[in-house]
K.L.:
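My questions all concern the structure below.
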Amino acid sequence: MAVNDTKLAAVADAENPAVVCGNVDDSESSIDFAGRANWLRAAVLGANDGLVSTASLILGVSAVKPDARAMVVSGFAGLLAGACSMAIGEYVSVCSQRDVEIAQLDLDGKRGGDEEKALPSPAQAAAASALAFSVGALVPLLAAGFIVGYNLRVAVVIIVVTLALAAFGCVGAVLGRAPVARSCARVVVGGLAAMAVTFGFMRLFRASGV
């Protein structure tokens, strides 16, 4: 009888592998870490966006009017506008995603359960996006706000932004498990290209006297 009971238990385990695996917490831990990595990666991308766009705006203004106050004021305006734009865009996007997922829960008859509680929060996503953008935008603003000389101010902004881009690229590579050197080079080259294009085009306005 003991042998038959053992065989029956083995058959039951083979036919219901999900029951045995359900007691393991590794899958839940991996899901939590994956969600955390995605959130951190989005924050890094938001900070990178704030860094590049604000630095490009500052350098573009400096190409036409080499005045420290004009650079700082334009950069601060870019910070506010960009943070608001990122927050609104993220809020609308997550609301749309949430509506689709809630509609799917209605079809599956799972409305009001744990699945609905796990849905992303539009307000939280908007706040995180705006905060990340603001943190990135503060880097070139602080670099430009305390230097009087024009040439030195532009050089310091470019150097500080390049270092920050390299740091963001490194963090993004670690979170995304990508090659660090290639990720950093891609981020740095892209950011420098954006700043160079903005500065070059705005320089044409100064040369033409517009």
Side-chain angles (χ1 to χ4, degrees), residues 27-61 71-106 108 110-146 157 160-178 180 183-184 186-188 190-191 194-195 198:
S27 61
E28 294 180 0
S29 299
S30 63
I31 293 175
D32 291 338
F33 281 120
R36 184 180 302 175
N38 288 332
W39 183 85
L40 289 174
R41 193 180 313 162
V44 170
L45 290 176
N48 183 80
D49 190 13
L51 176 68
V52 173
S53 61
T54 305
S56 299
L57 178 61
I58 288 176
L59 293 178
V61 171
M71 291 178 64
V72 173
V73 170
S74 63
F76 188 70
L79 185 155
L80 293 177
C84 292
S85 177
M86 292 286 289
I88 294 172
E90 194 70 21
Y91 185 86
V92 172
S93 176
V94 175
C95 280
S96 300
Q97 175 187 349
R98 187 182 177 90
D99 291 341
V100 172
E101 294 184 5
I102 288 178
Q104 185 62 47
L105 291 178
D106 286 334
D108 297 338
K110 298 180 180 179
R111 182 71 181 272
D114 293 336
E115 291 84 355
E116 185 175 356
K117 295 179 181 179
L119 293 178
S121 169
Q124 185 180 26
S129 181
L131 179 61
F133 185 95
S134 300
V135 170
L138 280 175
V139 174
L141 270 177
L142 293 176
F146 299 98
V157 168
V160 170
V161 169
T162 301
L163 294 176
L165 285 172
F168 288 152
C170 181
V171 173
V174 172
L175 294 177
R177 299 182 181 274
V180 175
S183 177
C184 290
R186 185 166 52 227
V187 173
V188 170
M195 291 186 289
T198 306

K.L.:
Do side-chain atoms of Ser74 reach the backbone of Ile58 as a donor and acceptor pair under 3.5 angstrom?
P.N.:
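Side chain of Ser74 to backbone of Ile58, a donor-acceptor pair under 3.5 Å: no, none is there.
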K.L.:
Once you round to the nearest 0.5 Å, how far does CE of Met195 lie from OG1 of Thr162?
P.N.:
5.0 Å
K.L.:
Looking at Ser93, Pro122, Ser121, which one forms a side chain to side chain contact (heavy atoms under 4.5 Å, CB included) with Arg98?
P.N.:
Pro122
K.L.:
Locate the shortest heavy-atom distance separating Ala125 from Glu90; write the atom from each residue and the value.
P.N.:
O-CG, 3.4 Å
K.L.:
Can a donor-acceptor pair be found, under 3.5 Å and without considering hydrogens, that links the side chain of Thr54 to the backbone of Leu51?
P.N.:
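It does not hold such a pair.
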K.L.:
Could you state the interatomic distance from CZ (Phe76) to CG (Leu57), rounded to the nearest 0.5 Å?
P.N.:
13.0 Å
K.L.:
Considering all heavy atoms of both residues, which atom of Cys184 and which atom of Gly169 are nearest to each other, and what is their separation?
P.N.:
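Answer, listing the atom of Cys184 first, then Gly169: SG-C, 3.8 Å.
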K.L.:
If we only count heavy atoms from C-beta on, is the Leu119 to Leu105 side-chain gap below 4.5 Å?
P.N.:
yes
K.L.:
Closest heavy-atom contact between Phe133 and Ser53?
P.N.:
CZ-OG, 3.4 Å
K.L.:
Return the minimal non-hydrogen interatomic distance between Val72 and Gly145, and the atom names on each side.
P.N.:
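Scanning both residues completely, I find the closest heavy atoms to be CG2-CA, 3.8 Å.
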K.L.:
Taking Ser85 for its side chain and Ala81 for its backbone only, find out whether a donor-acceptor pair lies under 3.5 Å.
P.N.:
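No, because the side chain of Ser85 does not come within donor-acceptor range (under 3.5 Å) of the backbone of Ala81.
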K.L.:
In sequence, state the C-alpha distance, the side-chain angles, and the governing distance for Thr198 and Leu59, and then conclude on side-chain contact (heavy atoms from CB on, under 4.5 Å).
P.N.:
CA-CA 7 Å; Thr198 306; Leu59 293 178; over 6 Å; no
K.L.:
When you compare the side chain of Glu101 with that of Pro120, does any pair of heavy atoms fall below 4.5 Å?
P.N.:
yes
K.L.:
Looking only at heavy atoms, which two atoms of Ala144 and Val157 are closest? And how far apart?
P.N.:
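Minimum heavy-atom separation between Ala144 and Val157: CB-CG2, 3.7 Å.
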K.L.:
Quick check: closest heavy atoms across Ala83 and Ala130, and the distance to 0.1 Å?
P.N.:
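In this case the closest contact between Ala83 and Ala130 is O-CB, 3.6 Å.
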K.L.:
Any side-chain to backbone donor/acceptor pair from Ser96 onto Val92? Under 3.5 Å, distance only.
P.N.:
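The answer is yes, because a donor-acceptor pair under 3.5 Å joins these two groups.
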K.L.:
So, does Ser56 use its side chain to make a donor-acceptor pair with the main chain of Val52 at under 3.5 Å?
P.N.:
yes
